[in-house]
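Residues take their numbers from the sequence shown, with the count starting at 1.
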Amino acid sequence: MSIRFAFFDIDGTLIDDRRELSPRVEEALAALRRRGIETVIATGRAPDQLRPIANRLGFDSYVCCNGALAVYRGDKVRAVAVPRDVIASFVHLADSKGYPVVVAGEKACYANRREHPEIREAYRFLGLPTEPVFDPDAWKREDVYQLYLFCKPGQEDPFLETYRGELRFIRPHRFYLDVFPAGVSKATGIDAILRHAGCSKEAAVAFGDSENDVEMLAYVGMGVAMGNAAEAAKRAAKRITAPVDEGGIYAALVDLGLIEGQPVP
């Protein structure tokens, strides 16, 4: 079956740990689009956090917030918001322990602490030039698709127990966890886009490297793990390519026959 869709994680896949683009990735994306293959971001980032890379690379479709929000050619095709009563109790518990919380809406991210050093460091880690808006009550007015809990490893245990079955937790950084609705994954967001486009999962390829890519890599017809990927992602994938900083995306697309060219030396 010919490939119609290609889904790409951002951090550790499209860009490396220095926040630089994987070698020849722009060339590869352009070649895919010339062949009529639709390219889509699939990330744990929030909408405003993915926009700089999306705009630079010409993406107009994305799965974000670890699958809680999916947008296809500008149209929202899946949206699973965190219930407001859950947010209220979550923020209360975090406040009682002195942990900052950032919430991700469709337009922006909002923090309940102003100029917090760990929030600032997390945004530097993502290579973002701005910080979240200080607005502790934003979640009362806007739908929230993901929360970020700022605490050290091990300090999240009371939250895991309290919200078991309601929320899912993944730690992308030592300072914070992504927190999003249970039952949500990048695979559920991808499924929504493929159904909307009338495309089977067998006609999709996906690239990823992390724990939050496992379901996505197992779901699509061809899941490709980066050479720098976590072992769980490699086990879920059907193919493993070179690391991100060695042009893994370009090399795999050439090897799969989806674009023409020579693998990165």
Side-chain angles (χ1 to χ4, degrees), residues 5-15 19 21 25 29 38-82 87 101-111 119 122-123 125-133 138-139 142-149 167-173 176-197 204 206-217 219-220 223 233:
F5 277 83
F7 295 87
F8 299 91
D9 172 52
I10 294 178
D11 301 289
T13 302
L14 284 174
I15 59 177
R19 304 301 138 195
L21 283 176
V25 70
L29 293 173
E38 298 203 52
T39 59
V40 184
I41 282 176
T43 181
R45 293 190 182 207
D48 66 328
Q49 297 168 345
L50 68 84
R51 285 187 189 115
I53 192 74
N55 291 340
R56 176 175 176 179
L57 296 178
F59 288 94
D60 60 3
S61 300
Y62 55 85
V63 173
C64 67
C65 295
N66 285 295
L69 183 63
V71 173
Y72 178 58
R73 298 182 180 179
D75 293 331
K76 187 162 52 179
V77 298
R78 178 174 171 83
V80 184
V82 182
I87 300 174
V101 174
V102 172
V103 301
E106 196 167 345
K107 297 180 180 178
C109 287
Y110 306 94
I119 295 177
Y123 267 62
F125 167 73
L126 293 172
L128 297 170
T130 60
E131 297 179 27
V133 178
W139 60 268
E142 298 185 24
D143 284 340
V144 167
Y145 300 102
Q146 183 161 269
L147 302 94
Y148 303 91
L149 175 64
L167 297 173
R168 183 177 174 189
F169 296 75
I170 289 180
R171 180 178 286 279
H173 189 275
Y176 71 92
L177 296 103
D178 292 351
V179 184
F180 50 100
V184 161
S185 71
K186 291 186 183 182
T188 61
I190 288 173
D191 179 72
I193 285 181
L194 294 178
R195 287 178 181 273
H196 186 80
F207 290 81
D209 74 298
S210 299
E211 177 187 350
N212 64 345
D213 295 315
V214 168
E215 293 93 342
M216 170 180 78
L217 295 175
Y219 173 77
V220 298

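Put simply, CD on E142 and OH on Y145 are 9.5 Å apart, with the number rounded to the nearest 0.5 Å. For the atom pair CG (N212) and CD1 (I170), the distance works out to 5.0 Å, reported to the nearest 0.5 Å. Here C109 contributes atom SG and Y123 contributes atom OH; the two are 4.0 Å apart, rounded to the nearest 0.5 Å. Once rounded to the nearest 0.5 Å, the distance linking CE of M216 with CZ of F8 reads 10.0 Å. A distance of 4.0 Å separates CG of D213 from CG of D9, quoted to the nearest 0.5 Å. Distance CZ/R51 to CG/L128: 11.5 Å, rounded to 0.5 Å.
Scanning both residues, F59 and T39, for their nearest heavy atoms gives CD2-O, 3.5 Å. Among all heavy-atom pairs drawn from D178 and P172, the shortest one is OD1-CG, 3.7 Å. Contact between V102 and A111 at its shortest, heavy atoms only, is CG2-CB, 3.9 Å. Taking all atoms of both residues into account, the shortest heavy-atom contact from Y72 to H196 is CD2-CD2, 3.4 Å. Across all non-hydrogen atoms, the minimal contact from V144 to W139 is CG2-CB, 3.8 Å. Heavy-atom minimum distance, Y62 versus P47: OH-CB, 4.3 Å.
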Determine whether V63 and T43 satisfy the following criterion, side chain to side chain contact (heavy atoms under 4.5 Å, CB included), listing intermediate values before the conclusion.
CA-CA 6 Å; V63 173; T43 181; over 6 Å; no
Between D11 and D209, is the side chain to side chain contact (heavy atoms under 4.5 Å, CB included) condition met? List the steps.
CA-CA 8 Å; D11 301 289; D209 74 298; 5.8 Å; no
Run the side chain to side chain contact (heavy atoms under 4.5 Å, CB included) check on I10 and I41 step by step: do they pass?
CA-CA 7 Å; I10 294 178; I41 282 176; 3.9 Å; yes
Applying side chain to side chain contact (heavy atoms under 4.5 Å, CB included), run through F5 and V40 and close with a yes or a no.
CA-CA 7 Å; F5 277 83; V40 184; 3.9 Å; yes
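Side-chain contact annotation: Y219 with D191, donor-acceptor N/O pair under 3.5 Å present.
Between R168 and E215 there is a salt bridge, since a side-chain N of the basic residue sits under 4.0 Å from a carboxylate O of the acidic one. Salt bridge present: R73 and E38 bring a charged side-chain N and a carboxylate O closer than 4.0 Å. At a threshold of 4.0 Å, the pair E106-K76 counts as salt-bridged, since one of the basic side-chain nitrogens sits closer than that to a carboxylate oxygen.
At least one donor-acceptor pair under 3.5 Å links the side chain of R19 to the backbone N or O of F125. At distances below 3.5 Å, not a single donor-acceptor pair connects side-chain atoms of N55 with backbone N or O atoms of P52.
Checking R45, Q146, K186 one by one against N66, the side chain to side chain donor-acceptor pair (under 3.5 Å) holds for a single residue, Q146.
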